[in-house]
Structure formats: structure tokens, C-alpha cells
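Have a look at the structure below, then the notes.
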Protein chains: 2
Amino acid sequence: MSAPGEQRKRRTTSYSRAGADSSRKHVDSDGTKGQQTRERLLKATAVILTEKGYSGTRLGDIAKRAELQAPAIYYYYDSREALIEEVVRRGQQSAQEHVENALAQLPEGTPLLERIRCAVEEHLRVVLDLSEFTTAAIRNMGQLPEGMRQQIRSDHKNYGALWQRLFEEAQANGEIRADVDVTAARLLIIGALNWSPEWWTPRVCDIDDVVAAALALTSGLVTDQ
Amino acid sequence: MSAPGEQRKRRTTSYSRAGADSSRKHVDSDGTKGQQTRERLLKATAVILTEKGYSGTRLGDIAKRAELQAPAIYYYYDSREALIEEVVRRGQQSAQEHVENALAQLPEGTPLLERIRCAVEEHLRVVLDLSEFTTAAIRNMGQLPEGMRQQIRSDHKNYGALWQRLFEEAQANGEIRADVDVTAARLLIIGALNWSPEWWTPRVCDIDDVVAAALALTSGLVTDQ
DNA sequence: GTCTATACTAGGATAGAC
DNA sequence: GTCTATCCTAGTATAGAC
């Protein structure tokens, strides 16, 4: 008999972010409600992914955080992998889009060094502030299973190429010291930014302080005037 | 029914460096061979840990790489956790020891900036070249289970404090720009170094190039002369 | 010390009720 | 859309032979 007998309540609700006013009559019989659940699911996955890593990300934990039962996930995604993949893809994309967008905003003749500073600042802000998806993507990029890696990889390459171009031109241009390996420099900088979610919290310092420090470091590459 | 009486083992597992007895007599009877296996095990664990992350690290994979069968691991360690814990602890320690040692080597009056450069270079070399344990420790620090974190955390704090001291004194001293948050700067730099195993391979560039680039970045913090 | 065989459990996934 | 029940594989760990 499988008597339930225990009736576990799963109402833990450690959720504080109750932004969306969801207590409506019936949120509508088409699409909308499902779409919200989908978003909750993605966001929950991003958080767990960041905390626990790829392999440590359990559907049960995701479900708990998204406030539904694990099997419900399969209504939205075909598999754990499909869900995770979308999170990572989004994270990758939103960083790239955000930075490209900021760069595009700069006036025509902006010096390369200034463009680089802009990219540094914006990447950092995405990572620390704007997108938990990006954080999740970064943290887990290295341990994704081979299959998933392929598609993501190409986006990743593009983004890297964008940076690389900026650095190479800046060096060719004399704005960056001729004696540094720009590839190493670029990867070190991006690394510094990517690692920041590991230590930064609002309690450590203001985001603007991090930005300022990152820009200071970047200026170490500048040709001495 | 059949519920077997709770026979839980509570091996406390504070594995601390089993007395490295290293008997030298002959290699097969006692001691030595086991010690070698133990080292293979640790090294294999470090590699898998770096590649797959904490949760993705399976005893089966470790065993395979160390060329034995999974259950044999239990002859050396009480649990998967105990094994992983030793790897992480070692990684943490060897970074700290290596850097402290290099710093101690510097002549008495060495300027703080020079000490910082030294720390940057040595930390980078440990991470890229000298210790796969350190890489494993760094990559997984963030996703270790709560229990394991405690002990490791304190070592980690010490190491961070060592760096922080250097930076604060350098700033108080006027060697580092007064307008940067040294905590942020320090964490960004260490982050850049810590992230490097993620992208660096001998094919990307020479380690010395990475070191040079890291030092160039560091110089961005220097007060303008 | 290291193996084979096996007990046990967690967690991904499916079926089908509501 | 979301749930409960359940299947099934993979992975930790133990027993005990060699």
C-alpha cells in the first residue's frame, strides 16, 4: 500500500524575490503562466549551476527552488541537459550582446584603449550584476559534457575573437605596450573578471570599486607616455 | 522490514598526512608500494577534480586513471570525501608554501612592489606548472560541501591575508595608487592567475609570456612616477 | 594490497492521474 | 501544467576471496 502517511510539505520558500505579482485569478489559460514557470526554472537552474557546478546540479534542487516538483520540469524540457544547455547558452549570449551593444554605443572615433576599457567595465557588470546566467555559463564552461560544448564553444570563440581584435589593433596602434603578449594579457583580464563572482559580494566593496580596480589593472598594458 | 540495524560508520576522517614513513628497504614488502599507489591516487583525483568538478568526480574515473579498481581506494581512504579533501588541502598548502618560500628568499629591504611581483609570478607558476593539486583546489573551492569547507577555509583565509597585507602596506607606502580599492585589486589579480589554467596550454604561449603579462597588469596599480 | 561480487541509494526519467 | 508513483541506471561503499 504505499500509504502516504508522511505528507511532506515542501513549502520551504526561501524565495525572497517575489517581484512578479502572480496572485491573479487564473493567470490566463494560454501561454503566459507556462512562460513564467519556464523563466523561474531557468533562473533557478542558473543559481544552482553556479553554486554546485554542472554535475552537482540536481533536478530536485532546481525544482525546489523553482517551487514545483521535479517531474514537472519535463513538461518544459526534454532532459536535464537540455535545460542546462539553455541556461548556458543564454549566459553566453547575454554577455556578448551586452558588451557588443555597449561598444556599438561609443562614438565613431573612440580610441581602442577606450573601447577596451568599455568592454572590461561592461563585462564585469554583466557578470556581477546583470546576469546570473552568465555567471553560471562561465563557471561551468569548463566541465560541460562534450556534446553540449560544441554549440556553445562557437559562440564563445566569437566573443573571444571580439576581444582579441580589440587588443591586437590596440597594440598594432601603439596604444598597448609592444612587449606584452596580447593574447595572454587579454585572457588574464577576462579571467580576472570571470573569477570575480567567486569572491565579490556587496559587502566586500562597491561594484564601482571593482570596475575602477579592473580599469587600473588594464592601464598596466598601456604604452608609457 | 529487514531494516538492518543502523550500522553507520563514523570514521572522523581528519586525514592528516599519514606519517610519511617512507621505508627504504625493498620496494615490495611493506610500505613503499602502498605509498606509491596513494600518490597515484591523489594525483589522479586532482586531475579528475579539475576536469569534472567536485560532484563530477567519480571513484570509477579516479580508479581508472590510477590504474586500479575502485574498491581498492577504500584501502587508502575511508571515503570519496576523505580522498578529495586531502587533494584540496594539499593544493591549498602547496600554493601557500611555494609563495611564502619565494617571498622569504627575497633580500631584506625588497620594496613591497617587488614582493608583490614575486608573489604574482610564483603563484602563477604553481598554478600553471607546479601543482595540479593547487589547480584542483582552486577550481573546486567554491563547490565543496559545507563540512569540508571549514578546515580548508581557514588555510585559504591565511593565504589571502598574506596577499592583503602586502597590498595594504604597498599602498600605505605610496607604492600603489591611493585611488584603488586594494582588496578589489588584489582579488582581481589573484582571480586572473587562478583562472589561467582554464585557458592556458603550452600551445597558447610560453609560461613566461603569461608571467610577463601578469606583471604588466600588476604595474597598472603602481603610482605614476 | 587489490580484486570480484554485491548491497544500497540517489537521482534522471516515464506513466498516468488530476 | 503539475502532481504521485515508479522504473532503472550509475555510483558509493562493503564483504570477502586471493
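We name chains A, B, ... by the order of the sequence lines, and we start the count at 1 in each one. Source: prediction; values computed, not measured.
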Note to self: Quick check on D:dT2: is either OP1 or OP2 less than 4.0 Å from any side-chain nitrogen or oxygen of A:Tyr76?
What the structure shows: yes

Next item on the list: Figure out the CG/C1' separation between B:Asp78 and D:dT12, and round it to whole Å.
Entry: 13 Å

Next item on the list: Using whole Å, report how far CG of B:Leu59 lies from P of C:dC3.
Entry: 14 Å

Check: Of the nucleotides D:dT14, C:dG12, C:dT2, which one has an atom closest to the side chain of B:Ala72?
Finding: C:dT2

Checklist line | Nearest-nucleotide 5' precedence on DNA chain D, A:Tyr75 against A:Pro71 | finding: A:Tyr75

Margin query: From CD1 of B:Ile84 over to P of D:dG11, roughly how many Å is that when rounded to an integer?
Written below: 14 Å

Checklist line | Among D:dA13, C:dG12, D:dG11, the one nearest B:Arg58 by side-chain distance | finding: D:dG11

Next item on the list: Would you indicate which nucleotide in D:dT2, C:dT4, D:dA13 comes nearest to any side-chain atom of A:Lys33?
Entry: D:dT2

Check: Base, sugar-phosphate alone, or nothing: which one does A:Ser55 contact when heavy atoms must sit under 4.0 Å apart?
Finding: nothing

Next item on the list: Indicate whether OP1 or OP2 belonging to C:dT2 is found under 4.0 Å from a side-chain N or O atom of B:Thr37.
Entry: yes

Notebook entry, point to check: Just wondering, do B:Val87 and B:Asn140 contact through their side chains at under 4.5 Å, heavy atoms?
Noted result: no

Next item on the list: Find the distance B:Asp61:CG to D:dA10:C1' and express it as a whole number of Å.
Entry: 11 Å

Next item on the list: Provide, to the nearest angstrom, the distance between the CD atom belonging to A:Gln69 and the C1' atom belonging to C:dG12.
Entry: 15 Å

Next item on the list: Measure from CD on A:Glu67 to P on D:dG1 and round the result to the nearest Å.
Entry: 18 Å

Check: Is there side-chain contact between A:Gln164 and A:Thr183, with at least one heavy-atom pair below 4.5 Å?
Finding: yes

Checklist line | Length of the CG-C1' vector between A:Leu68 and D:dG1, whole Å | finding: 10 Å

Checklist line | Non-hydrogen side-chain atoms of A:Arg38 and A:Tyr77 separated by less than 4.5 Å | finding: yes

Notebook entry, point to check: Does the side chain of A:Leu83 reach to within under 4.5 Å of the side chain of A:Leu42, using non-hydrogen atoms?
Noted result: yes

Item checked: Rounded interatomic separation in angstrom, taking OH from A:Tyr74 and C1' from C:dT14 -> 9 Å

Notebook entry, point to check: Looking at A:His123, A:Gln96, A:Gln93, which one forms a side-chain hydrogen bond (donor to acceptor under 3.5 Å, both in side chains) with A:Tyr159?
Noted result: A:His123

